[in-house]
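Note that this is a predicted model, so its numbers are computed, not measured. Here is how names work: the chains are called A, B, and so on, in the same order as the sequence lines, proteins then strands, and each is numbered from 1.
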Protein chains: 2
Amino acid sequence: MDKQKEILNAALKLFVEFGFHGTPTSKIASEAGVANGTLFHYYKTKDDLVIALYNSIKQDLSAYLFSKIGEHDSLETKFKTIFIHTLNWALSHRQQFYYIQQFHLSPHITKLSEEVIQQQTKPHLMLIEEGMKAKVLKPMPVQLNYTLVSSYIFGIYQYLTNTDLSPAKQKKIIADSYQMMWEMISIR
Amino acid sequence: MDKQKEILNAALKLFVEFGFHGTPTSKIASEAGVANGTLFHYYKTKDDLVIALYNSIKQDLSAYLFSKIGEHDSLETKFKTIFIHTLNWALSHRQQFYYIQQFHLSPHITKLSEEVIQQQTKPHLMLIEEGMKAKVLKPMPVQLNYTLVSSYIFGIYQYLTNTDLSPAKQKKIIADSYQMMWEMISIR
DNA sequence: GTCTATATCTCGATAGAC
DNA sequence: GTCTATCGAGATATAGAC
């Protein structure tokens with residue numbers, strides 16, 4: 001792996017464990033097996049690194065999710081696919097998922113350009129809008145639906161990581177809670 | 001107000017705006033109008049301050065919530081009261097509510113004693129348990145129910161703070177989303 | 001691109017007068 | 001309890017050889 005990737009990996013691991021504050025760049029460099037100066041060759045400042053790491057993770061998640069969606073899937077299938085696979089990805093990328101939340105609740109979030117944020121949420125919002133137009137989803141503000149579902153997913157994730165269940169039981173929880181959520185937001 | 005309270009207020013304001021890392025104790029002291037040394041008279045370390053602030057806020061929220069509950073209220077009324085008033089409190093104590101989340105996603109959370117955590121969540125868990133025994137709530141792991149409802153509340157809060165609605169519209173969103181949630185978790 | 005060495009600065013915490 | 005003054009540690013970031 002190239003050094004730049006090593007730096008991102010090391011930063012992820014340490015930021016998640018010790019927080020932004022608690023991890024000096026020197027530790028990141030040594031964890032990555034590179035010299036301190038090398039880190040600053042790739043990222044002009046520590047903040048740059050924090051933001052680059054966030055964008056890299058979001059990119060990965062997004063690519064993963066949309067690779068799972070078939071263009072001709074029904075709306076409900078698309079919803080379900082995103083729901084289930086967001087949780088699957090979160091469970092197999094715990095540090096990354098944790099980092100996303102950590103970042104969202106940090107002052108760094110204000111340094112993300114509006115453009116980048118929109119680009120990341122737009123596909124989701126469009127899907128929801130489509131669902132309402134097709135009278136599959138209950139009418140409500142699109143952004144409210146999005147936020148509600150996102151935090152619901154996060155809740156399940158939290159539960160799953162705080163309890164120690166077998167993969168089979170995890171799968172059942174995910175399926176059941178999807179069903180509950182779908183009944184909540186869809187028109188029956 | 002006494003200096004100790006001033007320090008907590010200043011810390012809250014600055015931590016929320018700049019993060020734990022981004023706010024030096026010197027800034028907290030000057031914002032509070034006290035000398036640097038005074039801060040360390042009340043809190044032995046910066047971490048102590050961070051934790052004391054968290055506990056103080058949780059205490060306030062808890063006291064507020066349970067002051068709203070009548071002992072002889074029905075189960076559903078109790079649920080609704082907690083739901084609505086958590087949101088009301090959050091909306092009128094935005095910094096405090098934000099800080100709680102910020103704290104939860106920081107390494108400081110590991111320094112809270114298990115005892116304190118239990119003490120804070122126990123009343124909620126007991127209410128849920130009661131609801132299931134009375135066959136008012138759908139059977140599911142108690143902790144899952146708790147986590148789901150908590151993050152659902154957080155989702156609504158997020159939506160409300162990110163959009164600029166009149167108090168009347170806010171109230172409607174809260175009431176409607178309570179209804180949706182209640183239908184999701186209760187046995188009908 | 002990568003390293004070593006180091007400049008510069010800021011922060012948390014303490015000491016001690018009042 | 002509150003203040004001023006300051007120490008020592010450790011941080012980010014740079015300079016410059018290879």
Taking [atom1] from [X] and [atom2] from [N], how many angstroms apart are they, rounded to a whole number?
{"X": "A:Leu14", "N": "D:dA11", "atom1": "CG", "atom2": "P", "value": "12 Å"}
{"X": "B:Ile7", "N": "D:dG1", "atom1": "CD1", "atom2": "P", "value": "11 Å"}
{"X": "B:Ile28", "N": "C:dG12", "atom1": "CD1", "atom2": "C1'", "value": "11 Å"}
{"X": "A:Phe20", "N": "C:dC11", "atom1": "CZ", "atom2": "P", "value": "19 Å"}

_Among residues 33-47 of chain B, which ones have heavy-atom contacts with DNA chain D below 4.0 Å?_
B:Val34, B:Ala35, B:Gly37, B:Thr38, B:His41, B:Tyr42
*Any chance you could measure A:Thr77, atom OG1, to A:Lys68, atom NZ, to the nearest 0.5 Å?*
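These two atoms lie 15.0 Å from each other.
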*asked:* Please check this pair: side chain of B:Gln170 against backbone of B:Asn88, looking for a donor-acceptor N/O pair closer than 3.5 Å.
replied: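 No: the side chain of B:Gln170 does not pair with the backbone of B:Asn88.
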*asked:* Whether the side chain of A:Asn162 engages the backbone of A:Gln158 through a donor-acceptor N/O pair (distance < 3.5 Å, no angle test) should be reported.
replied: yes
*Tell me whether the OP1 or OP2 atom of D:dT12 has a side-chain N or O from A:Thr25 closer than 4.0 Å.*
yes
*asked:* When you measure from the side-chain N and O atoms of A:Lys27 to the phosphate of D:dT12, is any distance below 4.0 Å, counting only OP1 and OP2?
replied: no
*Do other residues, nucleotides or ligands put more than 12 heavy atoms under 6.0 Å from the NZ atom of B:Lys133?*
no
*asked:* Taking NZ in B:Lys138 as the centre, count heavy atoms belonging to other residues, nucleotides or ligands within less than 6.0 Å. Is the count above 12?
replied: yes
*Does some side-chain heavy atom of B:Ile51 sit less than 4.5 Å from a side-chain heavy atom of B:Lys111?*
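Side-chain contact under 4.5 Å: yes.
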